[in-house]
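Here's the structure, in structure tokens; my notes come after.
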Amino acid sequence: MTSSSHQTAPSTMEARNKPARVSMWSAAMGVGLIVAIFATPMFWLMYGSYYTLAMFVFGLVAIPAGHLGRRRGKRLGGRDRGLALLGIVTGWLLVFCSLLLVLVYAGALVGIGFLTDATS
């Protein structure tokens, strides 16, 4: 080894690990997704109407909370505005899906009614 290829050891400030915020967030979201995949059908089978109502209520809460978060993020220099937008979009999706579930359920009941009338 020559003296020109000799590398210096990193300083103590560079050698320290930074907190893994992204990794912890990703792990928490992954666990939440796995739980949601298993819990959603189970809750729907056991408590379908309550689950649909909860979806609707949570969506109604997420929409104004997201708008408030966007306004607050504007005052803070644009910080976390994307997360607030995600709350708004998720809220509208929850409201739309819960209303769609109610329409599907009502359509199924009407269809069953027509089937029983046709057979009798």
- Note on the structure: Taking every heavy atom of Gly91 against every heavy atom of Ala62, the minimum-distance pair comes out as CA-CB, 3.8 Å

- Message: Applying a strict under-4.5 Å side-chain criterion to I, L, V, M, F, W and Y, I'd like to know whether Trp92 and Leu60 cluster together.
- Response: yes

- Pick one: which of Leu101, Val95, Leu99 meets side-chain contact (heavy atoms from CB on, under 4.5 Å) with Met55? Leu101

- Answer yes if Leu94 and Tyr51 sit in the same cluster of Ile, Leu, Val, Met, Phe, Trp and Tyr residues linked by side chain heavy atoms under 4.5 Å apart, and no otherwise. yes

- Message: For Ala84 versus Gly69, what's the shortest heavy-atom pair and its separation?
- Response: CB-C, 3.7 Å

- Atom OG1 of Thr90 and atom CG of Leu85: how far apart are they, to the nearest 0.5 Å? 9.0 Å

- Task: Give the C-alpha distance, both sets of side-chain angles, the deciding distance and a yes or no for side-chain contact (heavy atoms from CB on, under 4.5 Å) between Leu76 and Arg72.
- Result: CA-CA 6 Å; Leu76 294 175; Arg72 187 175 192 189; 4.3 Å; yes

- Query: Looking at Leu83, Asp80, Ile88, which hits side-chain contact (heavy atoms from CB on, under 4.5 Å) with Arg70?
  - Reply: Ile88

